[in-house]
Amino acid sequence: MTAPDYDHRAIENKWIERWESGGYYRAELQPERTKRYVLVMFPYPSGPAHMGHVANYSLGDVVARYYTRKGYNVLHPMGYDAFGLPAENAAISSGVHPSEWTRENIRLIRADLRRLGYAYDWSREFATCDPEYYRWTQWFFLKMYERGLAYKADAATNWCPSCGTVLANEQVLADGSCERCGSLVQPRWLNQWFFKITDYAERLLDDMEELEGWPERVLTMQRNWIGKSHGADVDFELVSTGEKIRIYTTRPDTLYGVTFFLLAPEHPLVDRLVAGTGREREVREFRQRMSGRTEFERTSLEAEKDGVFLGDHVVNPLNGEQVPVYTANFVLVDYGTGAVMAVPAHDQRDFEFARKYGLPVKVVIQPPDYELVSDEMTEAYEDPGAMVASGQFSGTPNEQGKQAVCDCLEENGWGKRSINYRLRDWLVSRQRYWGAPIPVIYCDSCGTVPVPEEDLPVILPEDLLLAEGGKSPLPLEESFYAAPCPRCAGPGRRETDTMDTFVDSSWYYFRFVSPRDDTAPFDSEACRYWMPVDQYIGGIEHAILHLLYSRFFTKVLSDLGLIGFSEPFSNLLCQGMITRDGAKMSKSKGNVVTPGDYLDRLGADTLRLYMLFMGPPELSKDWSDQGVEGAHRFLSRVWRMVHERYLPVLQGAGVVNDSGGARHREMRSLTHRTIASVTHDLEEFAFNTAVSFVMELVNGIYHYTSGEKADPDVLSEAVLATLSLLAPFTPFICEELWSVLGEEGSIHKQPWPAYDEELARPEEITVVVQVNGRVRDKLRVSAHIGALEMEEKAMACPNARKFIGENEIRKVIVVPGKLVNIVI
RNA sequence: GCGAGAGUGGCGGAAUUGGUAGACGCGCGGGGCUUAGGACCCCGUGGUUUUAGUAAACCGUGGGGGUUCGAGUCCCCCCUCUCGCACCA
């Protein structure tokens, strides 16, 4: 019998149409049912889907479909992170309007996602550039402003000369280049909007306890990013004026080893100190040199220590010693207090500085096993030890000494214990066009006035062209910036900066619960039901920024009393990158493969299956053309299994159940075993092995239907289980074959198959016979064999006997149902 | 430098609590079917050695030690790679 061809295209078109018109994946709020909110990080629409999207969304789709089949009420939405620089870059290079470019790309990626057969509730789709959406992004800004969490300040910003905008610290790569365009970022002082995320540093840290379903490495990365440290603030008095300068240190135990004092080049005291010393020019030149460099350049490990003496001294409160004040390149103005006590003996940076400028090195911590001599030191000693030359503290172990010194500082009013974070406030304003306008109006008499809620959204005009050099047209467009002051109705000027796109994506998962609500960012009842997200899935590249910002937003919402939880994502899965020839796919490397080609040639099911079969989700995976062919071969094999092996049996080629047949029992056992294994693996997100189990089942069915006749009932069970288990992975072919077999309804609405424990256990098992832990023989025995009988049989094995020989048997270890180890 | 993770065939990768290392797939080899096949079905496939062959022995999870009847898995030391942070006082 010849099977019809496996025509993936016809099948896909047919079922996409039916699923969508039937509203198969529409999610309804059903309070009596248990929900599962499955969310995959929404895409930035920069073109058609790429392989990374397919990998990511295929994962999410299997999870969503599996939960649906398990009986949960599943929300699985999709939208677009649609504001941002690439749209403007496209506008600059090809003249197309960012809005048009974005809408076209949404159209392209949506078409690919539909073809891939993802079970999205498309009725909830939105883009962050829709006014109905960014209205609420602006609303969030107002809430932040009301709570004092949005503020404007002069800040050393990362200016990207090529993008013509300020970047967040997070958007500057480790080598000091722009995340988007790669050009070297320059520092620039500007008045910018910030979100006060630092107010939440402690909670962002503490609440990680709740995030048991997050990968450890993501938590670690966030923890490092927040960078909490314990130490002390200490006031040093300026010799010339008696003015106090506060420093922060994590090593109060080394206070007696201070031999100089450092200020950041930008520290406000630098100018005043140097005035009248005759060193003004030197200092000015130094600062000029520093200001031309980014934080990265100045703080890279390779950069040489550099500084200038400021002509003044400070007094160490603990021992009354006077030490000189310098300004130094490696001191950061925005960490701690911008001033540092220098202990060259116990800090490598200070050590290098001291050696370069001939400053004294004073040992105040002695290692337990040898003695430091300051003149002979080639590097700082930063490890634990006992305090020496430290007055009353001498002899104290340094960890204990930290506390003692802090007590002393506090008792004398010289300083206090303090905690610092590396986390900086989030710079959210962008001097760009394609983003959500910041809803603020500046008035000469009222100052900064927020736009009233009822006046939102502040519409971003979509009919403007980018100005000269790709700059934002907003500051030049009177119809945009001219606005009456909401307070006094006098003439005002609108803020023309837009928000960082990370603001847009920090709350989109809330919007999906009620995307058409025009009275609130989200409906509280829908939110109570659907949130938090049960399973969030996305790339590891968002481990810090997006996830930290989203956590921050959720906590603010919680403080506003709008929600009753403070963590948005209960479980997180970070999937690896798709590479080709070991490298990230990129146009410049010419190693890009696009889903579209494979969708045409091999079909959506093949592509999905291959992505999931390649390896564990969290590992990065290298694309292989041969591998994807293999996936297609397997699906063809499933197709033929139904048409060439199963249908003929249904039509009378099989035998009536001869109940004694071990072959039939073995087939049933394999079926049930496979259901058990696949179910287990899906719970663990071990998709690659889940697929391999189905492959084994298919191999088993081919084996069963070769030669001897098959029992139609046994075969039915096996074939239907195959389709049922495979359906979340390859929805089209399974739905098609399901209907070919005349089964009722959609396979995607069937309950997840159950298995019979008893049947899943094979009748016969293999027992390994070891002598001294080495495999010497194998036995096929009944699964119900007892331990004693196992031992007897093992002892009788000829090969085992051979190795035992004349030796004395010291011990026999029996692992029931597994092995017998004879120790001689 | 600090932190996290990982090293298993020619390749991607499998191996509950320590219990048959290499599932499944790719690739490769052989056979069948075929005018033919790159389609399909079946078989084989870690290495070395011995054997005409059936078979068998030894070696084998980055390297070296250890615990154990038994170690890819546990412990100690070392090497390599990937990722993140990186002068944060």
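Below, chains carry the letters A, B, ... as their sequence lines are ordered, and counting in each starts from 1.
Among the nucleotides B:rC41, B:rG25, B:rC88, the one closest to the side chain of A:Met695 is B:rG25. Listed nucleotides: B:rG84, B:rG25, B:rA89. Nearest to the side chain of A:Phe613: B:rG25. Minimum atom distance to the side chain of A:Arg422 is reached by B:rC88, of the listed B:rC41, B:rC88, B:rA23. Ranking B:rC69, B:rC24, B:rG3 by closeness to the A:Glu696 side chain, first place goes to B:rC24. When the nucleotides B:rA89, B:rC59, B:rG27 are ranked by their closest atom to the side chain of A:Gln626, B:rG27 comes out on top. Considering only the side chain of A:Trp225, B:rC85 comes nearest among B:rG19, B:rA89, B:rC85. Among the nucleotides B:rG13, B:rC87, B:rC69, the one closest to any side-chain atom of A:Asn329 is B:rC87. Closest to the side chain of A:Ser692, from the set B:rC69, B:rA23, B:rA89, is B:rA23. Between B:rC88, B:rC69, B:rU20, one nucleotide has an atom nearer to the side chain of A:Val768 than all others, and that is B:rU20. Closest contact between the side chain of A:Thr250 and the listed nucleotides B:rG13, B:rC85, B:rA89 involves B:rA89.
Figure legend. B:rG27 is base-paired to B:rU45; pairs are counted as Watson-Crick or G-U wobble with both atom distances under 3.5 Å. Checking B:rA55 for Watson-Crick or G-U wobble geometry (two distances, each under 3.5 Å) identifies B:rU50 as its partner. Base pairing annotation: B:rU16 forms no Watson-Crick or G-U wobble pair, as no partner gives both donor-acceptor distances under 3.5 Å. The partner of B:rA21 cannot be assigned: no Watson-Crick or G-U wobble pair with both contacts below 3.5 Å exists in any strand. Nucleotide B:rC2 is matched to B:rG84 when pairs are restricted to Watson-Crick or G-U wobble geometry with both distances under 3.5 angstrom. A 3.5 Å limit on both hydrogen-bonding distances identifies B:rC79 as the Watson-Crick or G-U partner of B:rG7.
At least one side-chain nitrogen or oxygen of A:Asn688 sits closer than 4.0 Å to the OP1 or OP2 atom of B:rA14. In terms of phosphate contacts, A:Arg776 brings a side-chain nitrogen or oxygen within less than 4.0 Å of OP1 or OP2 of B:rC58. Between A:Ser229 and B:rA89 there is a side-chain polar atom (N or O) within less than 4.0 angstrom of OP1 or OP2. At B:rC88, none of the side-chain N or O atoms of A:Tyr248 fall inside 4.0 Å of OP1 or OP2 (strictly under the cut-off). In terms of phosphate contacts, A:Arg640 brings a side-chain nitrogen or oxygen within less than 4.0 Å of OP1 or OP2 of B:rC41. An OP1 or OP2 oxygen of B:rC85 is reached within less than 4.0 angstrom by no side-chain nitrogen or oxygen of A:Arg223. One finds a side-chain N or O of A:Arg633 lying less than 4.0 angstrom from the OP1 or OP2 phosphate oxygen of B:rG27. Contact annotation: A:Lys811 reaches the phosphate of B:rC69 (side-chain N/O to OP1 or OP2, under 4.0 Å).
Residue-to-nucleotide proximity on RNA chain B shows that, of A:Glu629 and A:Ala339, the 5′-proximal contact is made by A:Glu629. Along RNA chain B, the nucleotide closest to A:Arg645 and the one closest to A:Ile540 are compared, and the more 5′ of them pairs with A:Arg645.
As rounded to whole Å, 10 Å separates atom C1' of B:rC87 from atom CG of A:Asp350. Whole-Å rounding puts the A:Glu541 CD to B:rG84 P distance at 10 Å. When the C1' atom of B:rA86 is taken as reference, atom CD1 of A:Ile544 falls 12 Å away, rounded to whole Å. Atom CH2 in A:Trp623 sits about 13 Å away from atom C1' in B:rC26, given to the nearest Å. One can place CG of A:Leu670 at 16 Å from P of B:rA23, the figure rounded to the nearest angstrom. Atom CE in A:Met641 sits about 16 Å away from atom C1' in B:rC40, given to the nearest Å. When the P atom of B:rA89 is taken as reference, atom CZ of A:Arg246 falls 17 Å away, rounded to whole Å. A straight line from CZ of A:Phe351 to C1' of B:rC87 spans 15 Å, rounded to a whole angstrom.
One N or O donor and one acceptor, one from the side chain of A:Arg349 and one from the base of B:rA89, sit under 3.5 Å apart. Judged by distance alone, with hydrogens and angles left aside, A:Gln348 brings no side-chain donor or acceptor close enough to the base of B:rG1 to form a pair under 3.5 Å. Scanning atom types as modelled, no donor and acceptor separated by under 3.5 angstrom connect the side chain of A:Arg637 and the base of B:rC41. Taking 3.5 Å as the limit, the base of B:rC69 and the side chain of A:Asn821 contain a donor-acceptor pair of atoms between them.
Atom C1' of B:rU82 sits at a distance of 49 Å from the matching atom of B:rU34, rounded to the whole Å. Comparing the P positions of B:rG47 and B:rU61 gives an interatomic distance of 15 Å, to the nearest angstrom.
Side-chain polar atoms of A:Ser229 and A:Arg422 form no donor-acceptor pair below 3.5 angstrom. Side-chain polar atoms of A:Asn329 and A:Asp306 form no donor-acceptor pair below 3.5 angstrom.
Taking the six-membered ring where the residue is Trp, the centroids of A:Tyr610 and A:Tyr598 are separated by 6.0 Å or more. Ring to ring, A:Tyr6 and A:His632 are close: their centroids are under 6.0 angstrom apart. A ring-centre distance under 6.0 Å is found for A:Phe687 and A:Phe685. For an aromatic pair to be called close, the ring centres must be under 6.0 Å apart, and A:Phe613 with A:Phe634 fails this.
Contacts of A:Tyr421 with the nucleic acid, taken as non-hydrogen atoms under 4.0 Å apart, are absent.
For A:Lys416, the NZ atom is densely surrounded, since the number of other residues' heavy atoms within 6.0 Å is greater than 12.
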Legend entry - salt bridge (charged side-chain N to carboxylate O under 4.0 Å, His left out) between A:Arg601 and A:Glu629, worked out: CA-CA 10 Å; A:Arg601 201 159 56 79; A:Glu629 295 285 349; 3.1 Å; yes

